[in-house]
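Reading through the structure tokens given below for one structure.
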Amino acid sequence: MAKKEKEKKETPVEEVVEETPVEETPEVNPFEEKYNAEHDAHLRLAAEYANFRKRTAVEKESSYANGKADTIAKFLPVYDDLSRAMAQETADAAFKKGVEMTLNELVKILSDMGVEIIGNAGDQFDPNLHNAIMHTEDDSVPENTITQVFQQGFQMGEKIIRFAMVQVAN
């Protein structure tokens, strides 16, 4: 037995030592860490402020456009009354000329404000612009064509102030 123990002692035992890579943690400077955090916070605040400015500019523009459209809508009954007065026959040519001049001036002011009159006889019917309150069967007119306008519509840019009330041929 002593021989066996001697053999065991004499045989070299390979020790396997795994070398694990030692991760070196970079030395963190507390001032640099604080600077980076403050810098990120500053950039976020600047971006938030830029977004706020853009959003308020858009809201301001849309509120101005909405106020303008509401004001124009209040004047549309005057346009309707002047249009009806123009359609009436009268013996007084000076009176008719005065009404015509007033209506033309109102139309000029509306067009200067970016308002467009929509809904004329002969136009194609568009449900986004027109309100069809009647239809007629007329083979001489193409399908979905406006044959009669009961009330003019008004549009400012993409915003519809008032839909045109029309009769459509089917």
Report the distance from atom [atom1] of [X] to atom [atom2] of [Y], rounding to the nearest 0.5 Å.
X	Y	atom1	atom2	answer
Asp123	Asn144	CG	CG	12.5 Å
Gln155	Ile118	CD	CD1	5.0 Å
Thr145	Asn170	OG1	CG	9.5 Å
Asn131	Gln151	CG	CD	9.5 Å
Lys97	Glu100	NZ	CD	5.0 Å
Glu137	Glu143	CD	CD	9.0 Å

Would you say Ile160 ends up clustered with Ile133 if hydrophobic residues are merged whenever their side chains have heavy atoms under 4.5 Å apart, either directly or through other cluster members?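 Hydrophobic grouping puts Ile133 apart from Ile160.
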So Ile117 and Tyr79, side-chain contact (heavy atoms from CB on, under 4.5 Å) or not? Walk me through it. CA-CA 11 Å; Ile117 298 173; Tyr79 173 85; 3.7 Å; yes
Inspect the surroundings of [atom1] in [X] and state if more than 12 heavy atoms from other residues, nucleotides or ligands are less than 6.0 Å away.
X	atom1	value
Arg44	CZ	no
Asp139	CG	no
Phe150	CZ	yes

Any Lys/Arg nitrogen of Lys108 or Asp112 sitting under 4.0 Å from an Asp/Glu carboxylate oxygen of the other?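 Salt bridge flag = yes for Asp112 with Lys108.
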Between the main-chain N or O of [Y] and the side-chain N or O of [X], is there a donor-acceptor pair closer than 3.5 Å?
X	Y	value
His130	Asp126	yes
Arg162	Ala73	no
Lys68	Met113	yes

Output, in order, the C-alpha distance, side-chain angles, deciding distance and verdict of side-chain contact (heavy atoms from CB on, under 4.5 Å) for Phe154 and Ile72. CA-CA 9 Å; Phe154 293 86; Ile72 290 169; 5.6 Å; no
